[in-house]
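Comments concern the structure below.
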Amino acid sequence: MTLTICLIEGDGVGKEVIPSAARVLSALGLPITFTYADAGWECFIKCGDALPQATLDAMRAADATLFGATQSPLSKVEGYRSPVLTMRKLFDLYANLRPTRSLPVEGTYQGVDLLIVRENTEGLYSGRERREDDGQTAITERVITAAATERIARTAFQRALRRPRRTVTVVHKANVIKEGDGLFREVCLRVAAEFPQVTVNEMLVDACAMWLVRDPSRFDVIVTENLFGDILSDEAAGLVGGLGVAPSANIGTGKVAYFEPVHGSAPDIAGQGIANPIGAILSAAMLLEHVGAAEAARRVERAVELALRDGVRTRDLGGTASTAEMTDAILRRL
Ligand code: NAI
Ligand code: MG
């Protein structure tokens, strides 16, 4: 059976790291067909749509999508909405999986193997915002529903079942945000009762931020709401080498799923050929795992590890290798 993978490079370094990941996928000897689609700020400037219908169709037709990054303006632009948010909402990709695993890189934490399961459709990213008092007061509503919490909790516990430590930490701020986080906590603990084989504990988000720096090896699976998960996962990435090496998956109940490095378009280094492709390549490994090619996924992860073990480093890791050189090094070790 041929695997169809839709590639969306997007903006900035997305145009550099997605072709690298595609080279790695091609080298595996699997029957893969690539399709190509557009999204992002450049796409918006060109055609007035940051996520054209043709892109949505290509994502639907594919077995999975590998996505680079898009650039979003810091202030409101009429007609522009972040394609990432639109995709998550439209395809109901409610689970954002962000694994953090130690890599053989000096000066980074060793012994870390954690998975942040981030709710991906609501919280403060619901888009329910307004200005009042002549623009001098901004209100952003943080939506937490039992339904969305229940399914993200179930995802977290199911993932924990497949991991050696089988532990879930529910991260919230229920001591202060009594309604929203109170509900989140309550539902997670209710779902926990369905998984007696999994150990559950809970932690306030600020303490979690501290413990991640102090002793990240204590965490297995973390389940949390949207914004907390966004922030904690960037923090976790920083422990093992930074945004350049962090992969993620966006999955839901339907067939559409997309995989992307955690980083953004990195305008400060875009176009120079120096972006670290590892985040995108490890995202491709998550994609392979998702479509049932677990063995190929392991090969990719192993090749990344070997290249790093042999001292190949892009600039963000303190070396001088270009995107292409890092990719070549990984390809040679597949
Ligand atoms: P960023 O992730 O693009 O960059 C943060 C820092 O990490 C920069 O110093 C950058 O050079 C570095 N970095 C990122 N990726 C790297 C790589 N592959 N190799 C080496 N270094 C890397 O985040 P920033 O600067 O906050 O946002 C830039 C743009 O990206 C914004 O427009 C933002 O909206 C967008 N963004 C998009 C995301 C997405 O498409 N899912 C996620 C995060 C940000
Ligand atoms: Mg982020």
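Test R299, R298, R159 against E289 for salt bridge (Lys or Arg N to Asp or Glu O under 4.0 Å) and you get one pass: R298.
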Task: Test log, rule side chain to side chain contact (heavy atoms under 4.5 Å, CB included), inputs V256 and M87 - done: CA-CA 10 Å; V256 175; M87 288 189 296; over 6 Å; no
- [ ] Give the intermediate values and the outcome of side-chain hydrogen bond (donor to acceptor under 3.5 Å, both in side chains) for residues E141 and S126.
- [x] CA-CA 8 Å; E141 292 177 334; S126 305; over 6 Å; no
TODO: Take L25 and L66 through the side chain to side chain contact (heavy atoms under 4.5 Å, CB included) test and state the conclusion after the steps.
DONE: CA-CA 11 Å; L25 286 169; L66 189 61; 4.2 Å; yes
- [ ] Show your reasoning for whether side-chain hydrogen bond (donor to acceptor under 3.5 Å, both in side chains) applies to D11 and T70.
- [x] CA-CA 5 Å; D11 298 314; T70 59; 5.0 Å; no
Open item on the list: Run T140 and E129 through side-chain hydrogen bond (donor to acceptor under 3.5 Å, both in side chains) and show every step you take.
Closed with: CA-CA 4 Å; T140 304; E129 295 197 279; 2.6 Å; yes
- [ ] Under the side chain to side chain contact (heavy atoms under 4.5 Å, CB included) rule, what do L114 and L212 come out as? Steps first, then yes or no, please.
- [x] CA-CA 10 Å; L114 63 87; L212 271 176; 3.8 Å; yes
- [ ] Check the pair V143 / T145 against side chain to side chain contact (heavy atoms under 4.5 Å, CB included), numbers first and verdict last.
- [x] CA-CA 7 Å; V143 182; T145 66; 4.0 Å; yes
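Taking 4.5 Å as the limit, every side-chain heavy atom of F195 sits out of range of all side-chain heavy atoms of V168. Counting heavy atoms from C-beta on, the side chains of S248 and N96 come closer than 4.5 Å. A 4.5 Å side-chain heavy-atom check between L7 and T35 finds every atom pair outside the cut-off. The shortest distance between side-chain heavy atoms of F44 and P83 does not fall below 4.5 Å. Annotation: side chain of V221 is not in contact with side chain of T169 (no heavy-atom distance under 4.5 Å). Residues R166 and R163 form no side-chain contact, since every pair of their non-hydrogen atoms from C-beta on lies 4.5 Å or further apart. A 4.5 Å side-chain heavy-atom check between P277 and E16 finds every atom pair outside the cut-off. The side-chain heavy atoms of F219 and I116, taken from C-beta on, include no pair separated by under 4.5 Å.
In plain terms, the two heavy atoms of V13 and A275 that are nearest each other are CG1-CB, 3.6 Å. The nearest pair of heavy atoms linking N226 to E122 is ND2-O, 3.1 Å. A146 and V187 make their closest contact through O-CG1, 3.9 Å (heavy atoms, listed as atom of the first residue, atom of the second, distance). Considering every non-hydrogen atom in both P52 and C47, the closest pair reads CG-SG, 4.1 Å. In plain terms, the two heavy atoms of T155 and L97 that are nearest each other are CG2-CD2, 4.2 Å. Closest non-hydrogen pair, I251 versus A257, comes out as CG2-CB, 3.7 Å.
Here the side chain of D49 pairs a donor or acceptor atom with the backbone of L51 at under 3.5 angstrom. Using a distance-only test at 3.5 Å, with no hydrogens or angles considered, a donor-acceptor pair links the side chain of S233 to the main chain of G229. Within the 3.5 Å criterion, the main-chain N or O of G279 finds a donor-acceptor partner in the side chain of S283. In terms of modelled atom types and a separation under 3.5 Å, the side chain of N276 and the main chain of I278 share a donor-acceptor contact. Remark: the backbone N or O of A329 is paired with a side-chain donor or acceptor of R333 at under 3.5 angstrom. Formation of a donor-acceptor pair under 3.5 Å by the K15 side chain with backbone atoms of G10 is found in this model. Side-chain N or O atoms of Y109 include none that pairs as donor or acceptor with a backbone N or O of S217 at under 3.5 Å. At least one donor-acceptor pair under 3.5 Å links the side chain of S102 to the backbone N or O of V112. Between the side chain of T167 and the main chain of R165, a donor-acceptor pair closer than 3.5 Å is present.
Side-chain polar atoms of E325 and T323 form no donor-acceptor pair below 3.5 angstrom. H172 and E225 share no donor-acceptor pair across their side chains, judged by distance under 3.5 Å alone. Side-chain atoms of T108 and E106 form no donor-acceptor pair, as typed in the model, at a separation below 3.5 Å. Donor-acceptor pairing under 3.5 Å is recorded for the side chains of R88 and Y258.
Clustering ILVMFWY residues whenever any of their side-chain heavy atoms sit less than 4.5 angstrom apart, transitively, puts L317 in a cluster other than the one holding I274. By the criterion of side-chain heavy atoms lying less than 4.5 angstrom apart, applied directly or through intervening Ile, Leu, Val, Met, Phe, Trp or Tyr residues, V262 is not grouped with L115; the two fall into different hydrophobic clusters. In this structure, L93 is not a member of the same hydrophobic cluster as V291, with clusters built from ILVMFWY side-chain heavy atoms closer than 4.5 Å. Taken together through direct or relayed side-chain contacts under 4.5 Å among Ile, Leu, Val, Met, Phe, Trp and Tyr, I18 and L3 form part of one hydrophobic cluster. When the side chains of ILVMFWY residues are joined at heavy-atom separations under 4.5 Å, either directly or via intervening members, I281 and L30 end up in a single hydrophobic cluster.
Using a 4.0 Å cut-off between charged side-chain N and carboxylate O, D230 and R118 make a salt bridge. With salt bridges taken as basic N to acidic carboxylate O contacts below 4.0 Å, one links E132 and R130. Between E305 and R309 there is a salt bridge, since a side-chain N of the basic residue sits under 4.0 Å from a carboxylate O of the acidic one.
A cation-pi geometry, defined here as NZ or CZ lying under 6.0 Å from the six-membered ring centre and within 45° of its normal, holds between R142 and F228.
Atom SG of residue C188 and atom CZ of residue R154 lie 11.0 Å apart, to the nearest 0.5 angstrom. Here the CD1 atom belonging to I177 is positioned 12.5 Å from the CG atom belonging to L183, to the nearest 0.5 angstrom. Rounded to the nearest 0.5 angstrom, L189 CG and F184 CZ are separated by 10.0 Å. One distance of note links CZ of R101 with CG of L282; it measures 8.0 Å at 0.5 Å rounding. Interatomic distance, R151 CZ to Q158 CD, rounded to the nearest 0.5 Å: 13.0 Å. Note that OG1 of T224 and CD1 of I222 are 8.0 Å apart. Values are rounded to the nearest 0.5 Å.
For E194, the CD atom counts as densely surrounded, since its 6.0 Å shell holds more than 12 non-hydrogen atoms of other residues, nucleotides or ligands. Within a 6.0 Å sphere centred on CD of E179, other residues, nucleotides and ligands contribute 12 heavy atoms or fewer.
Between F259 and H290, the angle of the ring planes lies from 30° to 60°, which puts this pair in the tilted group.
For Y80 and W41, the distance between ring centers is under 6.0 angstrom.
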